[in-house]
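Everything on this sheet refers to the single structure shown next.
Whatever order the structure lists them in is the order used to number ligands and atoms, beginning at 1. When reading the values below, keep in mind they use all heavy atoms of this one structure, side chains included, and skip hydrogens, waters and symmetry mates.
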Amino acid sequence: MKDSLKSLEAKIIACRRCPRLVAWREEVAQVKRKAYLDKIYWGKPVPGFGDPQARILIVGLAPGAHGSNRTGRMFTGDASGDFLYPALHRAGLASQPGADLPGDGLRLNDAFITAICRCVPPNNRPHVAEIKNCLPWMEAEINLLENLQGFVALGRIAFDGIRRMVTAQGIDLPKMDFGHNAFYELGKGLPWLLSSYHPSQQNTLTGRLTETMFSAIWERVNTLIRD
Ligand code: SF4
């Protein structure tokens with residue numbers, strides 16, 4: 001990872017801007033889930049992770065309580081990651097389909113993964129003010145990803161967060177509706193935006209998001225970055 005991304009990572013990990021989320025991430029890390037009682041939880045903000053030369057930025061919602069709030073790496077150690085990384089691997093964007101813990105050998109190719117909120121929120125619902133507090137971290141990552149061509153928003157909240165970040169820069173956006181595999185140009189010189197249903201169990205176990213639907217996203221990404 002480039003030095004500048006490393007120093008940004010250190011700043012993100014030290015962030016305590018949102019009192020409610022600081023308290024919650026630390027409480028979850030203390031109380032733990034039964035299956036992980038003997039494990040040490042990360043319990044801090046989770047920085048972005050991936051290829052510094054990435055052409056795509058994958059944007060999630062927030063760490064899972066017992067996933068990345070436990071492991072310290074985006075989408076690692078929970079069911080959402082178990083659905084995401086095999087799909088990225090099939091598309092050639094991840095070196096392996098599994099993501100258990102940092103140090104497991106997983107590398108991303110041409111992709112960087114981040115989230116609009118770095119600390120686990122109660123009920124997976126960050127407040128708007130907390131998202132606003134956190135978006136500058138994503139903006140800082142984007143500024144360091146020099147080859148960036150597109151965003152993939154995983155879920156409506158990520159989609160809205162990206163729009164919020166862009167409009168806060170004084171850029172007018174066209175009317176955009178969230179949907180699975182909906183594609184938008186954000187404007188000249190800006191990355192494009194592709195939206196996907198979030199790979200949470202709420203979607204994957206109900207059939208709202210199937211493996212085929214999710215693969216279509218990454219196949220489209222590969223077509224877009226090849227053009
Ligand atoms: S959610 Fe973001 S801004 Fe808020 S404390 Fe965590 S890292 Fe900081």
Using atom types as modelled and distance alone, determine if a side-chain donor or acceptor of R55 lies under 3.5 Å from a backbone N or O of I225. yes
Would you mind listing which atoms of ligand 1 come within a distance below 4.0 Å of any non-hydrogen atom of [X]?
X	answer
N133	3 (S)
R118	1 (S), 7 (S)
L21	1 (S)
P45	7 (S)
R17	3 (S), 5 (S), 8 (Fe)

Report the nearest protein non-hydrogen atom to [atom]: residue, atom name, distance rounded to 0.1 Å.
atom	result
atom 4 (Fe) of ligand 1	C18 SG, 2.3 Å
atom 6 (Fe) of ligand 1	C119 SG, 2.3 Å
atom 8 (Fe) of ligand 1	C15 SG, 2.2 Å

Please find out if less than 6.0 Å separates the ring center of F214 from that of H180. no
Ring centres of F112 and F49 under 6.0 Å apart? no
Euclidean distance, N109 CG relative to L88 CG, rounded to 0.5 Å: 10.5 Å
May I ask you to check whether C134 brings an N, O or S atom to under 2.8 Å from atom 4 (Fe) of ligand 1? no
Describe, in one word, how the ring planes of Y85 and F75 are oriented to each other, choosing from parallel (under 30°), tilted (30 to 60°) and perpendicular (over 60°). perpendicular
Non-hydrogen atoms of N124 and L61 that approach each other most closely: O-CD2, 3.4 Å
Residues, nucleotides or ligands: over 12 heavy atoms within 6.0 Å of Q30 CD: no
